[in-house]
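All values below come from the heavy atoms of this structure, side chains included, with hydrogens, waters and symmetry mates left out. Just so it is clear: chains get the letters A, B, ... in the order the sequence lines come, proteins before strands, and each one is counted from 1. A quick note: this is a predicted structure, and the numbers were derived from the prediction, not measured.
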Amino acid sequence: MAADAEALEQVRTIGEQYKYGFVTDIESEFAPKGLNEDIVRFISKKKEEPEWMLEWRLKAYRHWLTMEEPKWQKPQYPAIDYQDSYYYAAPKSGDKPKSLDEVDPQLLEVYEKLGIPLREQEVLAGVEGAPAIAVDAVFDSVSVATTYKAKLEEQGIIFCSISEAVREHPELVKQYLGSVVPYSDNYFATLNSAVFTDGSFVYIPKGKRCPMELSTYFRINAENTGQFERTLIIADEGSYVSYLEGCTAPQRDENQLHAAVVELVTLDDAEIKYSTVQNWYPGDETGKGGIYNFVTKRAACRGKNSKVSWTQVETGSAITWKYPSCILQGDNSVGEFYSVAITNNAQLADTGTKMIHIGKNTRSRIISKGISAGNADQTYRGLVRVQRGANGARNYTQCDSLLIGDKCGAHTVPYIESQNPSAQVEHEATTSRIGDDQLFYCRQRGMDEEEAVALIVNGFCKEVMQTLPMEFAVEAQKLVGISLEGSVG
Amino acid sequence: MALLEIKNLHATVDDKPILNGLDLTIGGGEVHAIMGPNGSGKSTLSYVLSGREGYVVTEGEVLFDGKNLLEMEADERAREGVFLAFQYPVEIPGVTSITFLRTAVNAVRKHHGESPFDAMDFVKYIREKASGLNVSDDMLKRAVNTGFSGGEKKRMEILQMSALDPKLAILDETDSGLDIDALKIVADGVNAMRSDERGLLVITHYQRLLDYIVPDHVHVLAKGRIVKSGGKDLAVELEKTGYAEFLEDAA
């Protein structure tokens with residue numbers, strides 16, 4: 001409850017619409033524009049990858065050429081010219097930095113501006129009692145810094161950029177990369193497999209509980225650049241990790257493609273909590289510019305009693321199109337999906353989840369809160385599939401939509417497929433509006449309109465917000481207010 | 001200078017005239033009661049004064065502390081010190097009462113150039129106010145008015161009033177839906193807030209509430225105008241005679 005009011009305080013003091021819209025004038029190194037095998041080879045070479053990695057990329061690229069861009073989604077967009085984009089952009093800094101002291105100070109400034117502490121001493125000097133967070137910062141195509149590495153290594157925890165993992169931990173990468181999202185999975189995931197540039201890699205060894213939150217901040221800076229990061233998290237038997245992902249991008253008039261792939265694997269009794277606060281630039285009020293956020297996120301609960309929990313707060317992007325999913329293979333495994341998606345002005349979103357019940361007594365829980373304002377349009381699309389062997393599978397789905405104003409839309413498209421008669425699948429859905437009476441009640445108590453909307457919407461999303469780690473919850477509540485500015489009246 | 005001066009107030013709702021030349025002056029420290037039959041414009045008056053959208057003033061003026069009240073937005077009026085205790089308090093799911101209260105109180109404090117309460121200080125501040133109104137910590141943690149009983153809702157209204165410390169409080173049929181015990185708690189809470197500076201406007205259908213919140217002046221509202229004013233005895237008289245006479249007179 002303290003967080004609510006603090007967040008509101010901050011909302012009030014932030015005047016701008018999108019405060020992360022700045023561009024950093026950092027000298028970058030680009031691969032030539034366009035996409036072909038040479039570019040794939042160029043990226044692989046830049047990353048000093050072994051041959052097997054290059055082969056995998058090329059296999060994906062060749063497969064991609066045979067695929068067609070999907071069109072079944074609700075938000076439509078103008079054709080993307082894949083030859084008119086850069087697939088590799090890296091801050092030019094000569095040799096790789098060996099420590100944070102060697103990182104370009106301008107780059108550090110960017111992260112400071114974003115409110116992300118990269119310097120460990122600053123993290124430690126922060127609020128007393130606040131848990132430390134290890135951060136991997138990805139700037140355009142490369143990871144610029146990973147903090148707390150040494151401390152985590154002592155416990156056998158690997159937290160590094162995926163490029164580094166390919167070089168340093170090839171056996172793990174080979175075993176798990178593409179094992180949840182195969183290179184041939186879908187158009188954008190296949191493209192990612194060919195040209196992914198960086199991202200985070202996490203391995204939690206058996207029985208370890210990761211002592212701090214792990215976090216990656218993604219920042220698109222360069223113009224005409226797609227961001228294709230790849231994240232792979234493996235939680236070995238009996239381990240636990242909470243992982244946070246944050247995203248921002250400068251304000252630009254053209255659309256930029258963000259096609260990431262996230263793969264999670266949990267073995268027996270392991271748990272991954274994956275939280276996202278997505279605040280890519282949403283475009284202006286008329287819909288000009290903004291990020292296309294076409295992302296494939298999937299978790300395989302391979303082990304028995306394992307658990308994956310996705311929490312996402314989606315406030316940015318011109319178009320959000322993604323379905324973080326769980327394949328519940330292990331008996332008694334649990335998948336959870338908690339989502340808040342806010343679309344304002346001309347933003348579009350088609351998002352939801354897939355829960356595939358394969359193991360016995362697998363359980364899944366879906367709580368989706370969609371908020372539409374302005375001319376925005378939003379679709380919840382979710383699949384719950386219970387396969388033949390999934391005796392005793394249970395699902396509970398709740399989809400609530402909140403409309404602000406009368407020009408926006410909300411749609412709910414649930415798909416339920418059950419092949420097992422013992423399964424229990426529940427679906428509840430509601431659609432409501434912010435009432436004039438609620439707004440008036442808040443304003444009669446002295447709150448201005450934007451403060452009132454932020455308060456009411458945060459109340460609507462509370463169930464989901466509560467699942468976020470504390471540090472992120474405050475930021476997320478703030479975002480709710482900011483992204484709905486100007487939505488009433 | 002009077003706290004509130006209403007002069008020749010005309011107002012419409014959906015183009016239908018509801019208030020037709022209402023005059024009323026409330027001084028600091030005074031308690032005024034407005035009584036009247038259904039449809040006489042009692043609730044409309046409370047919404048016009050608090051600035052609810054859809055209630056359109058077509059003529060007349062309202063001065064609050066010498067300022068033109070009608071020029072202000074609803075939230076500005078609230079921050080300037082106009083409080084409305086709602087007849088039907090509104091539910092806000094997911095927002096705890098204490099968060100709601102703190103957000104409101106801090107909005108008002110900020111307006112007056114005071115520093116906002118942090119969470120800890122506010123808990124102290126509000127507990128002190130809440131104890132007299134029989135509002136438990138548990139109630140403060142529940143979502144605003146969500147699942148509250150009639151009595152709980154009204155107690156929460158009075159707690160909000162106490163926390164916001166307004167110059168003028170308008171109580172719109174605060175007695176509706178209350179049993180006698182709940183009514184006493186609410187009335188005690190209101191009486192505790194009587195002061196030399198604060199003005200109270202108590203809108204009610206029945207005299208019962210006025211046994212507990214004893215007014216200095218009683219006005220009868222009929223067909224959008226004040227048709228009779230008197231002391232507290234007028235309320236007793238009305239309880240016997242009813243409103244029929246005024247309806248005929250005004251017609």
Side-chain angles (χ1 to χ4, degrees), chain A residues 1-13 127 338 340 367 369 371 398 400-402 430 432-467 470 473-474 476-478 480-481 488-489, chain B residues 46-47 49-55 72-86 88-112 116-120 122-123 140-141 143-146 157 160-161 163-164 166 170 172:
Chain A
M1 75 190 169
D4 284 359
E6 265 153 40
L8 287 166
E9 236 12 88
Q10 280 158 316
V11 168
R12 243 189 330 221
T13 54
V127 190
Y338 297 100
V340 168
I367 308 286
K369 305 275 183 177
I371 297 110
Q398 185 187 327
D400 297 323
S401 306
L402 187 69
T430 66
S432 53
R433 251 171 222 291
I434 285 198
D436 289 342
D437 55 344
Q438 286 178 328
L439 274 178
F440 176 62
Y441 192 63
C442 292
R443 295 185 70 193
Q444 211 305 303
R445 299 306 185 240
M447 300 171 213
D448 65 35
E449 197 150 49
E450 277 167 5
E451 199 170 21
V453 169
L455 187 81
I456 295 166
V457 172
N458 269 311
F460 173 77
C461 306
K462 190 174 193 179
E463 258 177 295
V464 173
M465 294 296 198
Q466 275 173 336
T467 67
M470 193 55 196
V474 175
Q477 283 170 344
K478 232 181 350 179
V480 167
V488 187
Chain B
S46 68
Y47 288 142
L49 292 178
S50 54
R52 183 163 198 161
E53 270 172 47
Y55 292 76
M72 299 178 209
E73 292 283 325
D75 44 316
E76 207 181 335
R77 297 182 197 193
R79 293 192 292 268
E80 283 288 326
V82 175
F83 180 90
L84 171 63
F86 283 61
Y88 304 109
V90 180
E91 296 184 3
I92 308 179
V95 178
T96 61
S97 298
I98 193 157
T99 298
F100 181 81
L101 277 158
R102 183 156 83 104
T103 309
V105 169
N106 281 344
V108 173
R109 286 177 71 90
K110 195 178 165 198
H111 181 72
H112 294 298
F117 276 118
D118 68 26
M120 297 302 282
F122 189 72
V123 169
L140 291 171
K141 282 181 205 149
V144 180
N145 294 318
T146 309
E157 290 296 288
Q160 291 181 31
M161 172 167 126
L164 290 165
I170 305 160
D172 187 7

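Side-chain atoms of A:K462 and B:T96, non-hydrogen and from C-beta on, do get closer than 4.5 Å to each other.
With rounding to the nearest 0.5 angstrom, the CD1 atom of B:I170 is 7.0 Å from the CD atom of A:Q444.
Of the residues listed (B:V90, B:I92, B:D75), the one engaging A:C442 in a side chain to side chain contact (heavy atoms under 4.5 Å, CB included) is B:I92, and it is the only one.
B:R52 touches chain A through backbone and side chain together, each having a heavy atom under 4.5 Å away. The contact between B:L84 and chain A is made by backbone and side chain atoms together, counting heavy-atom distances below 4.5 Å. In this structure, no portion of B:E76 lies under 4.5 Å from any heavy atom of chain A. At a 4.5 Å heavy-atom cutoff, the contact between B:P89 and chain A is made by backbone and side-chain atoms alike.
The local environment of CG in A:D436 is sparse, with at most 12 non-hydrogen atoms from other residues, nucleotides or ligands closer than 6.0 Å. Within a 6.0 Å sphere centred on OH of B:Y88, other residues, nucleotides and ligands contribute 12 heavy atoms or fewer.
Taking both residues in full, the closest heavy atoms of B:A104 and A:R445 are given as CB-O, 3.3 Å, listed atom of the first, atom of the second, then distance. Taking all atoms of both residues into account, the shortest heavy-atom contact from A:G446 to B:A107 is O-CB, 3.4 Å. For the residue pair A:D448 and B:R79, the shortest heavy atom distance occurs at N-NH1, 3.9 Å. The minimum heavy-atom distance linking A:F440 with B:S50 is given by the pair CZ-OG, 3.3 Å.
For A:Y441 and B:F100, the distance between ring centers is under 6.0 angstrom.
Among B:E53, B:M161, B:E157, the residue making the largest number of heavy-atom pairs under 4.5 Å with chain A is B:E157.
In this view, A:Q466 satisfies the side chain to side chain donor-acceptor pair (under 3.5 Å) rule with no residue, not counting sequence neighbours.
Side-chain N or O atoms of A:Q438 include one that pairs as donor or acceptor with a backbone N or O of B:E91 at under 3.5 Å.
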